[in-house]
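Reading through the structure tokens given below for one structure.
Computed from a prediction, not measured in an experiment: that's the story for all the values here. For this chain, numbers begin at 1 and follow the sequence in order.
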Amino acid sequence: MCSIFQITCDGALFNRCLDCFLGKAAYIRNLQDNLVALETELGRLIAAKNDVMMRVVNAERQQMRRLDGVQVWVSRVDSVKTGADELITDGSEEIGKLCVGGYCSKNCRSSYKFGKQVARKLRHVETLIAEGVFEAVATEVVPERAPEPVADKRPIEPTIVGLQSQLEQVWRCLAEESAGIIGLYGMGGVGKTTLLTRINNKFLENQNNFDCVIWVVVSKELRLEKIQEDIGKKIGLFDDSWKNKSFEEKAVDILRRLGEKRFVLLLDDIWERVDLTEVGVPLPSPQNTTSKVVFTTRFIDVCGSMESHRKFKVACLSEEDAWELFREKVGQETLESDHEIVELAQTVAKECDGLPLALITIGRAMAYRKKAEQWRRAIEELRRSASEFAGLGKEVYPLLKFSYDSLQNDTVRSCFLYCCLYPEDYGILKWDLIDCWFGEGFFGESDRSGAENQGYDILDTLVRACLLEEVEDDKVKMHDVVRDMAIWITSEIEKEKRNFLVCAGAGLKEAPDVKRWENVRRLSLMQNQIETLSEVPTCPHLLTLFLNFNKVEMIADGFFQFMPSLKVLKMSHCSKFALKLPVGMSELGSSLELLDISHTYIQELPEELKLLVNLKCLNLRGTGQLNKIPRQLISKFSRLRVLRMLGTGPFSFDEAPEDSVLFGGGEVLIQELLGLKYLEVLELTLGSYHALQILLSSNKLKSCIRSLFLWLAGDATSIVDATAFADLNHLNELWIYRGFELEELKIVQKRREPFVFRSPHRVTIHSCQKLKDLTFLVFAPNLKSLDLDRCDAMEEIISVGKFAETPEMMGHISPFENLQMLDLEDLPHLKSIFWKPLPFTHLKEISVGYCRNLKMLPLDSNSAKERKFIIRGEEDWWNRLQWEDEATQIAFRSCFQSLFD
């Protein structure tokens, strides 16, 4: 009896054990089939998600909101996809462990565990497919105004080699609750900013639960006020009243506003710890990670000081990715031009050691080297440079310096190095830079016109070589690492030949000890907070001195007496530099070629300046307080080629007859200008239409004019012949200010061929209360910027009546075809910009303030099709605008920004 019972019990136990074993074995036996099924079903799930999202996006374009159930399902799909992708990736390794025809495994425990995960994930995928039938997605959404984009899209190259895996890593981390502060660190030029930009833009491509994404560039000189300003602009705090608040008050406002939001703060280029709590940012913690902070830095120590919860090293590219990036920049045509080049190019790419900035820079430099010997020489130069320097130079600078060494000649190299005198992240005006190069003598005995052509060609070369970046049509800047490399060259590698001392943007309140100046050739103290220069330096070799953008109140008399070689002196934008220039500037008489005192409050020019007999460039732009210039001083500058007097004050000439002293010098000034034999570039302020007519009677002066400022405050002229400006072939800027009696800028047809006003890029009209229209601008096809302010009588910018009067003159002209900026301010009667829609293919911004009668913009569904421009204005004005149809109104809604944001 006992034996029978024992057998029965043992049999049942055996059967249960057998079932358990077979069940577990099924995970191993079915592993390969389940993996195939998982990949297939995952594809179906993603296709279903894409269908749903397409309907959701279409609905949202019609100002509707997605259902919460749809959003939850989409989030679950994204989460499951991440896990399924990892299983599929690891599957081949696990299948390799199977044996006995797939019924057993070399590591049963591992295969069972993995097989169970695959089976569960497959069931999860199948469940989501069954749930994801949202037939009413497009019809059941709740009508609601579409939200503003969570982030501002930032420009980036369409394809970035080698960053995708790092992007996915960081993106997954952003979804983790435990990671609130994330640091991205790595060497300069490795692609940290590019990665951060991709993260920023990904928030526009993927659904997320964040309210706003804020981008802030920090840079080496830490300014908490700038961080506050950038945050304030993004979250709607920045206006005139907020700007006047104290730092602490702004911090309280930011803390209150961000405390109500789920935000992502992206901080680019941190060099030291940033105290975000001082700025007003509520810091994420491991217990509260509803918001995120992501930053880039060159130093891993900063990740520690910022208390980051996760950190990622942005590493150099793999050999495969590096070659792909290098090949892309060199171009297939060059690689196929000689059968040896591909192998040599691979060697050059390896020398770059995966650094993206080096690969891009050197790749572009080699893009037109189509002979094998050129590539062999490049390899030799790279290897020789890399072996000569230690430390930082061994890792980065020789690679960048190769691009510098590859420039055509020493003139181009000198022009490039000169750019490091400007502060980090500074937008350098191209014409201003060329003035300096010309003053230094980089172009030999070339005239200013020849120098300008050569200068723009050099700038183009440097931009194409990736040594400069073009930030606007008229500005360039240096990448931080490239600038560091240039300073390294000038102060270390070529110290005897170059010897720069660069303290630009360093936050100095006092100038460096003058003993450090003794052997320097180029010195930049630009953009600091220096108030006094009380010591007299001895600088026998100094060629260029930048003192601009400081708070200089006093410069010691005799300061310049021991600078016998000085050629370029910039003292512009010194806001406290009000009364007069220091005594002793005549000591520079035999050497100085460029003097820039623009945008200062200088009140008079001293008589002794007449001894600057070699002066070639004089910049007085924006000296609105200038009221006295010695008679015949300007004509004493007999070698002057560039004179910039745009926006100068109501100056007079000593001993000038009363009847000839007009605003801006008038006839007296013009007579002096006629005596300047070599003058080529002229920017001028004139105080009457009569003075303009005298100017226009001189072919010499007409050929020189680049910028013209007409101040007509005391002028009774009611009609100005706008066609006269057509003869100013180099006129880039036209300003008309305070023409109280001016009623019309008239088009006077004097010739049979169509009239074209080709040269102006910028037109500014302020305080011309009787001016009715600007129809003459239909003849300005190259106009890029139009600024109108306080023109009370203006009803139309382009008059339909005047346009129709002379159709034969118009031809195929399309008004504003190159316009980028349109600024309309305080035009109470303005009703029309143009009476029909325009394409606006280059438009960047329209700003409208206090133009209550402007009820329609010249836009339709075909205008600026990519919708990449901004329309600024008051909310009330925007809401009252009329559109051709509702679809057009909806399409342009994303372009609108409140003037007060």
| task | Using the ring of F869 (Phe, Tyr or Trp, six-membered ring only), decide whether K844 places NZ or CZ under 6.0 Å from its centre and within 45 degrees of its axis. | result |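 No.
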I'd like to know if [X] and [Y] make a salt bridge, using a cut-off of under 4.0 Å between side-chain N and carboxylate O.
X    : Y    : result
R123 : E126 : no
D85  : K81  : yes
D484 : R298 : yes
K475 : E470 : no
D239 : K243 : no

| field | Polar contact flag, side-chain donor to acceptor under 3.5 angstrom, W215-D152 | value |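 Distance-only check fails for W215 and D152.
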| said: Side chains of D269 and W271: any donor to acceptor distance under 3.5 Å? | reply: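 Indeed, the side chains of W271 and D269 share at least one donor-acceptor pair under 3.5 Å.
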| Angle class for the W242/F238 ring planes (parallel below 30°, perpendicular above 60°, tilted otherwise)? |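 The rings of W242 and F238 stand perpendicular, inter-plane angle above 60°.
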| field | is_close_aromatic(F210, F203), centroid dist under 6.0 Å | value |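 Distance test on ring centres: under 6.0 Å, yes.
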| task | For this output row, return yes or no: ring centroids of F295 and Y185 closer than 6.0 angstrom. | result |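 Ring-ring flag for F295/Y185: false, centres at least 6.0 Å apart.
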| message | I need the minimum non-hydrogen distance between V190 and C316, along with the two atoms involved. | response |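 Closest heavy-atom pair between V190 and C316: CG2-N, 3.8 Å.
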| said: Does K226 have more than 12 heavy atoms from other residues, nucleotides or ligands lying within 6.0 Å of its NZ? | reply: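 Yes, NZ of K226 has more than 12 neighbouring heavy atoms, counting only those of other groups under 6.0 Å.
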| task | Look at atom CD of E39 and say whether more than 12 heavy atoms of other residues, nucleotides or ligands are closer to it than 6.0 Å. | result |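 For E39, atom CD is not crowded (no more than 12 foreign heavy atoms under 6.0 Å).
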| For V279, which of E225, Q228, K250 qualifies under side-chain contact (heavy atoms from CB on, under 4.5 Å)? |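 So the option named by the test is Q228.
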| side chain to side chain donor-acceptor pair (under 3.5 Å) partner of D268, chosen from T197, T296, N200 |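 Looking at T197, T296, N200, the match for D268 under the side chain to side chain donor-acceptor pair (under 3.5 Å) is T296.
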